[in-house]
Amino acid sequence: MEPLLEKAYEPKDVEEKWYRFWEDNNLFSAAETLQEKANYAIVIPPPNVTGVLHMGHSLNITLQDILCRYRRMRGDNVLWMPGTDHAGIATQNVVERHLAAQGIDRHQLGREKFIKAVWQWRGEYGSAIIRQLKRLGASCDWARERFTMDEGLSKAVRKVFVQLYEEGLIHKDNYIINWCPRCMTALADLEVEHEEMPGHLYHIHYPGTDGKDGPVVATTRPETMLGDTAVAVHPDDARYADLIGKTVELPLTGRMIPVIADSYVDMTFGTGALKVTPAHDPNDFEIGRRHDLPSVKVIGDDGHMTESAGTYAGLDRFACRKAVVEDLTAKDLLKKMEPHQHGIGHCYRCRTAVEPNLSKQWFVRTGPLALKAVEDVAQGRTRIIPEKWATDYYKWMENIRDWCISRQIWWGHPIPAWTCGACGRIIVAMEKPDACPDCRHLELIPDPDVLDTWFSSALWPFSTLGWPDETVLLKQFYPTSALVTGFDILFFWVARMMMMGRHFMDDVPFKDVYVHALVRDESGKKMSKSTGNVIDPLNIIETYGTDALRFTLAAFAAQGRDIKLSEKRIEGYRHFINKLWNAARFSLMHIRQTGPDLPLVDDGLLLPNRWILSRLKTVLREVADAIDTYRFNDAANSLYHFVWHEFCDWYLELIKPVLYGDAVMQDQKDATAGVLARTLRDILIMLHPFVPFVTEEIWHHLPGTSGSIMTAAYPDSDKNLMEIRHDPGAEQEMLMIMGIINAIRNIRGEMNIPPSQALAVVVQTDIEDKRRLLDQHQGLIITIARLSGLQVESAGQKPRASATAVFEDNLISVRLEGVIDFVMEAARLEKEIVKLDIEIDKLNAKLHNSAFVEKAPENVVEKVRDQQRAWGEKKEKLSHQLERINAFGAE
RNA sequence: GGGCGGGUAGCUCAGUUGGGAGAGCGGCGGCCUUACAAGCCGUAGGUCACAGGUUCGAGCCCUGUUCCGCCUACCA
C-alpha cells in the first residue's frame, strides 16, 4: 500500500514499461463504427521511410500526440493515422549506396530485382523511424499503419491518375523541366533549391555574316551556346534594329543562327543581346516556342555533352564550360568576363546543380484544382493556423505552375500508362489492358517512369482511410480534424492535399491546419548533419527522458517561425518533471483515501484548500482553451507556473501545518488530504498529454485511480468540474496572506537573517475583518514565514525596534531587538521610498494632465487615483518608520 | 526583383482588442527548513533597434530608416 517513490524520477525505468502497457491494452486504437460519439482524426505527416528521427519530427509528433491524448480524455473517438512514405528518390539513393557497398550496380541487377532489393531493405531498416516515434510516446493507431506503396494506396494512386487523365488534368508533353544529372530524373519546380552563387557573366561575340560585326551576347553559361538556335534582342532596341532578321555565326560550331526580336529581352541587362538555347533554359524555351525555333540538346541526361556538341561531345558540362571559354579566348571572341552573382538550382535530394532540360514528361494541370483549394481556405472550410500562413498559401496557389509528376527512377508507383507497340497510342488505365483498343495489337509497352512521391502523399488523408473503397473509416473520419505540420512542406504537401482532397472527396481533407515552427540550433541555424549541429532527440531522451523533451518542445512551440533549441532548456524542463515527481512523492505520503468522495465544496474547508481548488478550476479552463486554440506554449506555461509556483511553492507548504499538526482535527486532515488528492489528480490529467510517462507512473501510485490515465476524463464542463468551486474570496484572502509572508521574507532576505532564526512579527491593520483573518491563519503564517510569534493588532502603537514593510494597508513589523542594524534598515526603507516616489510622480503627472482626466475612460482614471492613494499611504507609513529608525539609531 | 517574419533583461523568448514592462535560464546574496540541492528564500538587471506620426496615453497602430533571418522569382 505505501507506494514509496524513488527520490528522483528515473525516466528510463518507466517509459518502456508504460508504452508497452498502452499498446498491450489497445489504448491507441480508434473505434471503427458509425456511432454518435465525436470523432477526431489526425493523419500523421508520413516520415520518409529512410528517415531517422530528428527534432523536427519530435516537435511535430509531440504536438499531435498532445492533441490526440487530450481529445481522448475529452471523450472523443480518436484516430491518429500513422505511416511512412516511400520517398522515391531518397530511398532509391539509399538502396543504391547500400548495393554499391557490395559492388552491385542497379543496372546490373535490373529493374525487377532492384525493386525487390528495395522492399527487402525496407523490411530490414524501414521501421526504424516508427520505433523512434514510439520512443517519443506517440499514441498512433499502429494497427492501421500505412505505407504509400501499400496495395491499397497504390490503387488510390492509379485511380486518381486515370481520372485526372480522363478529365484532361494530366497530360504528357515535351517541356523544359528540372533535371538532376546525378539522380537521373526530372524534378518538380518545388524540388529545386535555389542558391545564390558567385559566377561570371561572359560577353561573347557572335560575328555577323554580312561583313558587319554582329552582336555580343552575355551569358552565365557559355557551354550552352553550343545549343543556341537564335540571338534575341528587344524589338525597340535601336542598337540592334538593323540586325533583326539577319543571321549571325555561332562560334565554335560553324552554324548560322537568326537574330530575332522578342520583348522578353531586357535591354538594360548585359549587352541587350540574348543567346537563345531552347533546350537548356526555361525562358529560352518559351522564346523558342514563340518563334518556332529548333531545339538542340547539347547536354545529356548524365550531365555530359551530347553528340550535338560536336568536338565537345563526352565532356562533363563544367569541363565543357572551361573548354569553350578557352577556345573563345583563343579566337578573341570572348570580349569580357565579369564577376556575377546568380541563383543556381540544386537537387533537393542530392545537392547536384540542376540542369534545365528538354524532356517528355507527365504533368498535372494544377490551375483548376488550385482554384477550389484557394476557395476552401478563403471561405473558412479549412482554417490555417496561425493565419499568416494563409497568405503564403494563397500566393503560391495563385501563381501555381503545372506539376511535373513523372520521375525517371525505378522505386515508386509506376505510371499506369502504356504505349501501343504498333499504332503508338497511349493508353491510361487502372490495370494493363489486354490489347490496344484501337488496333488490337497485343504488344503494349509500359511507361518506364514512376510518379513523384508527393503525388501519393497528396492522397494521404483519404487513401489511408480506405479510398477508393467506401469504408466505414472514411465516412467516420473524413474530413480529418487537424493537420499538424511544419511550414517547410506547406506547398509540397498541404497545398497538394487540399487540391486532391477537394477534387476527389468533394470536401476538404482537414478542418484545421496547424503550422508549427522549425527547430533550429541555438544559434538559429537549421540543424543538419553536414553542419554537425544536430541535437539528436534519441540522445536527449536517453539523458533527460522523453517527457522533458516533449515538455520543452511544447513550451517553445508557438515562438514564431523558429525554435532555437539547446540542451540547457531541456535540462531545465527535466527539473520540472522532477519537481512534479517529488510533489507527488510528498502528496502520496498523506493521501490515504481510496475514493474521490470527499467534501470538496464545503465552506468548512480551510482557506488553502478553497484557494487551490479555485485556482485549479481556472487553470483547467486555461489549459483546455489553450490546447483548443493550438496555443501549446500557453498551456505548457500555465501548467508549469501552476504546478511549481502555486501548488508546490504555496499549497504544499500551506497544508503542512495541517497535515503535521497535532492539534488539528482529524476531519480537517482528511478533507485536506482529499483536496490534495483531487488537485494532484487533475494536475496529472492536465499534464498527461504533454508528459505522458511520468503522469502515468504517478497515476498508478495514486489511491483511488484505476486503469490508465489515458482513459481518465478531462475535467471540463461535467460534474467533475462542477464540484470544484471558483472562490474569489479565498483567492483574495490568500493574496493578502501571501503578500504578508512575502514582505517578511523580503526583510529576512535583505537583512541576511538566516531561516533558522525565528522572528517575532506584529501586523497592524485597522480593518477588523483582516485582523480576524490573520488571527485565524496565524499558524500558517508562523510556520511558513518561520516566526516565533505573530501579533495582530490595530494600527497605532509601534514596536520599539523593528524592520518594517507595508502590504496593502497592513504595517508589518519584524521585531529585532539587539539584532537590528539601524543603518541597514534605514537604507532599505530609503530605497523603497525612492522607488515609490518615482512611481507616484508618474501617476501625479498623469492626473495633472487635464486631457488625460477628461478623455481617458472613467475606470482607467479611477484606477490611477486608487493607485496613487494606495502608494501615497504606503509611502507615508514607510517615511514615518524611517524617521523612527533614524531616531532609534541616534539614541 | 517581390514578399514575409523578427530586433524587448547577460542569454532564449512571452507580451491576444493601446491604459502601472514579464517568464525561464544565467548572475549575485542567504539557506542541507522533516517531497525535491535537479531544491528553498531573497535580489539586481530593460531609452521595448532608430527617427518621426496618430492618441489624453504606444512594446502594441501608421510612415520612414537600419540590421538579421526566411520564403519566392524566368534578368540571361
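In what follows, chains carry the letters A, B, and so on, assigned in the order in which the sequence lines appear, proteins first and then strands, with residues in each chain numbered from 1. Any value given below was found using the heavy atoms of this structure, including those in side chains, with hydrogens, waters and symmetry copies removed.
By the 30° and 60° cut-offs, the orientation of the rings of A/Phe492 relative to A/Tyr348 is parallel. By the 30° and 60° cut-offs, the orientation of the rings of A/Phe576 relative to A/Trp644 is parallel.
Proximity note for A/Asn582 (side chain, C-beta onward) versus B/G5, B/U12, B/C36: the nearest is B/C36. Nearest nucleotide to the side chain of A/Asp281, out of B/G19, B/A76, B/U72: B/A76. The side chain of A/Ala856 has B/G19 as its nearest neighbour among B/G19, B/A76, B/U16. Side-chain proximity of A/Phe852 to B/A76, B/C56, B/G3: nearest is B/C56. For A/Phe269, counting side-chain heavy atoms from C-beta on, the closest listed nucleotide (B/A76, B/G19, B/C36) is B/A76.
Remark: the backbone N or O of A/Ala635 is not paired with any side-chain donor or acceptor of A/Ser638 at under 3.5 angstrom. Listed for the A/Asn746 side chain is no donor-acceptor partner under 3.5 Å among the backbone atoms of A/Asn742. Side chain of A/Thr277 to main chain of A/Met225: no donor-acceptor pair is present (N/O by atom type, distance under 3.5 Å, no hydrogens or angles).
One interatomic measurement links the two molecules: CD of A/Glu195 to P of B/C70, which rounds to 11 Å at whole-angstrom precision. Between A/Asn752 atom CG and B/G30 atom C1' the separation is 6 Å, expressed in whole Å. In this structure, A/Glu191 atom CD and B/U72 atom P are separated by 13 Å, rounded to whole Å. In this entry the distance linking CG of A/Asp488 with P of B/U72 reads 10 Å, nearest Å. At whole-Å resolution of the value, CG in A/Asn283 and P in B/A73 are 13 Å apart. One interatomic measurement links the two molecules: NZ of A/Lys395 to P of B/C4, which rounds to 6 Å at whole-angstrom precision. Atom CG of A/Leu518 is separated from atom C1' of B/G5 by 13 Å (rounded to the nearest Å). The CZ atom of A/Phe491 sits 7 Å away from the C1' atom of B/C71 (whole-angstrom rounding).
The same atom, P, is picked in B/C50 and in B/U66; the two are 16 Å apart, to the nearest Å. One P atom belongs to B/G19, the other to B/C13, and the distance between them is 25 Å to the nearest Å. A distance of about 33 Å separates the C1' atoms of B/C25 and B/C61, rounded to the whole Å. Rounded to whole Å, the C1' atom of B/C67 lies 49 Å from the corresponding atom of B/C32. Between B/G24 and B/U43, the distance separating the two P atoms is 13 Å to the nearest Å. Between B/C56 and B/U12, the distance separating the two C1' atoms is 37 Å to the nearest Å. To the nearest whole angstrom, the two C1' atoms, one in B/U54 and one in B/G22, are 27 Å apart. Going from the P atom of B/G26 to that of B/C41 covers 15 Å, rounded to whole Å.
The distance between the ring centers of A/Tyr544 and A/Tyr573 does not fall below 6.0 angstrom. Between A/His516 and A/Phe556, a ring centre-to-centre spacing not shorter than 6.0 Å is recorded.
Counting any heavy atom pair closer than 4.0 Å across all strands shown, A/Pro755 reaches a base atom. When heavy atoms are screened at a 4.0 angstrom cut-off, A/Val265 is found touching base atoms of the nucleic acid. Among the heavy atoms of the strands lying under 4.0 Å from A/His340 are primed sugar atoms or P, OP1, OP2 only; no base atom is included. Contacts of A/Lys842 with the nucleic acid, taken as non-hydrogen atoms under 4.0 Å apart, are absent. Counting any heavy atom pair closer than 4.0 Å across all strands shown, A/Glu653 reaches a base atom. Within 4.0 Å of A/Tyr573, counting heavy atoms only, lies no atom of the nucleic acid at all. Within 4.0 Å of A/Gly199, counting heavy atoms only, lies no atom of the nucleic acid at all. Residue-level contact check: A/Arg828 touches neither bases nor backbone, having no heavy atom under 4.0 Å from any strand. Among the atoms of the strands shown, base atoms are found under 4.0 Å from some heavy atom of A/Lys656. Using a 4.0 Å heavy-atom criterion, one finds that A/Tyr660 contacts the sugar-phosphate atoms exclusively.
Using a 4.0 Å cut-off, some side-chain N or O of A/Arg401 falls inside it from OP1 or OP2 of B/C74. Using a 4.0 Å cut-off, some side-chain N or O of A/Lys835 falls inside it from OP1 or OP2 of B/A44.
Using N1 to N3 plus N6-O4 or O6-N4 for Watson-Crick, or N1-O2 and O6-N3 for G-U wobble, each under 3.5 Å, B/G1 pairs with B/U72. Pairing for B/C40 goes to B/G30, judged as Watson-Crick or G-U wobble with the two contacts each under 3.5 Å. Of all nucleotides present, only B/A51 satisfies the Watson-Crick or G-U wobble test against B/U63, with each distance under 3.5 Å.
Annotation: of the two residues near RNA chain B, A/Pro282 and A/Lys855, the 5′-most nearest-nucleotide partner is A/Lys855. In terms of position on RNA chain B, the residue among A/Pro857 and A/Asp189 whose nearest nucleotide sits closer to the 5' end is A/Pro857.
Applying the ring-ring contact (aromatic ring centres under 6.0 Å, His included) rule to A/Tyr206 yields no partners; only residues at least two apart in sequence or on another chain are considered. Listed by chain and residue number, nothing satisfies the salt bridge (charged side-chain N to carboxylate O under 4.0 Å, His left out) test with A/Lys863 (two or more places apart in sequence, or in another chain).
Between A/Lys846 atom NZ and A/Asn844 atom CG the span is 12.0 Å, to the nearest 0.5 Å.
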Check nucleotides 38-42 of chain B for protein N or O atoms closer than 3.5 Å to its own N or O atoms and list the pairs.
residue: B/A38; atom: O4'; partner: A/His575; partner atom: NE2; Å: 3.0
residue: B/A38; atom: O2'; partner: A/Asn578; partner atom: ND2; Å: 3.4
residue: B/G39; atom: OP1; partner: A/His575; partner atom: ND1; Å: 3.1
residue: B/G39; atom: O3'; partner: A/Lys579; partner atom: NZ; Å: 3.1
residue: B/C40; atom: OP1; partner: A/Lys579; partner atom: NZ; Å: 2.8
residue: B/C40; atom: OP1; partner: A/Trp644; partner atom: NE1; Å: 2.6
residue: B/G42; atom: OP1; partner: A/Asn742; partner atom: OD1; Å: 3.4

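Classification of A/Arg289 and A/Glu286 as a salt-bridged pair fails, no side-chain N sitting under 4.0 Å from a carboxylate O.
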